[in-house]
Trainee: 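Okay, here's the structure, questions in a sec.
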Amino acid sequence: MAQNRKQNNNKQSQTTLLKQMLKRCSSLGKKQGYNEDGLPIDVPKGHFPVYVGVNRSRYIVPISFLSHPEFQCLLQWAEEEFGFDHDMGLTIPCEESLFLSLTSMLR
């Protein structure tokens, strides 16, 4: 029982950390194409944009991906490669084919 509580606390703290990470790496602000909350107007609720590969192709992914360890590895890789203080938004430094293959397995 204590083990289950510890796992739940770890999941909650991990979820909080991932939400904070997503917020830090989003290119938010009052720019054209953004609503009053600073969120992109073309992104449906429950999703967020990422930029992938050399060409920085934009993909819209569900927030539920944040709970997958494989996607979390991509986020850590992005943080190591680019940090979170840049204008482009969340940029993932992998080949598009790898990203598409991974995300197709997560759906």
Side-chain angles (χ1 to χ4, degrees):
M1 185 155 230
Q3 180 72 14
N4 285 343
R5 238 182 278 137
K6 186 175 182 178
Q7 286 177 334
N8 285 340
N9 286 340
N10 284 342
K11 284 183 182 181
Q12 287 174 345
S13 63
Q14 188 175 33
T15 300
T16 301
L17 180 63
L18 290 170
K19 285 179 182 177
Q20 290 171 350
M21 185 185 302
L22 179 60
K23 190 170 187 170
R24 281 187 307 193
C25 63
S26 295
S27 177
L28 301 179
K30 297 211 175 197
K31 301 175 187 174
Q32 189 173 7
Y34 290 75
N35 68 17
E36 64 277 354
D37 295 322
L39 301 171
I41 58 174
D42 65 335
V43 177
K45 187 173 184 165
H47 292 74
F48 63 98
V50 296
Y51 300 88
V52 180
V54 177
N55 297 323
R56 304 292 194 260
S57 299
R58 186 174 190 247
Y59 293 91
I60 307 300
V61 297
I63 288 177
S64 63
F65 280 12
L66 294 174
S67 65
H68 293 278
E70 299 85 358
F71 196 80
Q72 292 172 18
C73 286
L74 287 179
L75 292 177
Q76 289 172 348
W77 186 11
E79 180 180 24
E80 290 168 8
E81 183 80 17
F82 300 112
F84 290 116
D85 190 23
H86 57 90
D87 295 332
M88 185 64 182
L90 176 55
T91 304
I92 298 179
C94 71
E95 296 291 326
E96 285 184 67
S97 58
L98 174 66
F99 178 79
L100 293 171
S101 178
L102 173 70
T103 56
S104 69
M105 292 187 306
L106 298 180
R107 293 186 187 269

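Quick note: numbers below take in every heavy atom, side chains included, and nothing from hydrogens, waters or symmetry partners.
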Trainee: Can a donor-acceptor pair be found, under 3.5 Å and without considering hydrogens, that links the side chain of S101 to the backbone of S97?
Mentor: no
Trainee: Return the minimal non-hydrogen interatomic distance between R56 and Y51, and the atom names on each side.
Mentor: O-CD2, 3.6 Å
Trainee: Out of curiosity, I92 CD1 to C73 SG, how far, rounded to the nearest 0.5 Å?
Mentor: 11.5 Å
Trainee: Around atom CD of E81, are there more than 12 heavy atoms of other residues, nucleotides or ligands at under 6.0 Å?
Mentor: yes
Trainee: Could you pull out the closest heavy-atom pair between P93 and A78, with the gap in Å?
Mentor: CD-CA, 3.7 Å
Trainee: Group every Ile, Leu, Val, Met, Phe, Trp and Tyr by side-chain heavy-atom contacts under 4.5 Å, then state whether L102 and V54 land in the same group.
Mentor: no
Trainee: Are L90 and L75 packed together at the side-chain level, in the sense that at least one heavy-atom pair is separated by less than 4.5 angstrom?
Mentor: yes
Trainee: Hey, could you give me the OH/NE2 distance between Y59 and H47, rounded to the nearest 0.5 Å?
Mentor: 15.5 Å
Trainee: Say you draw a straight line from CG of L66 to CZ of F48; how long is it, rounded to the nearest 0.5 Å?
Mentor: 4.5 Å
Trainee: Measure the shortest side-chain to side-chain distance between H68 and L74 over non-hydrogen atoms and say whether it is less than 4.5 angstrom.
Mentor: no
Trainee: With the side chain counted from C-beta on, respond yes when V61 and F99 share a heavy-atom pair under 4.5 Å apart, and no when they do not.
Mentor: yes
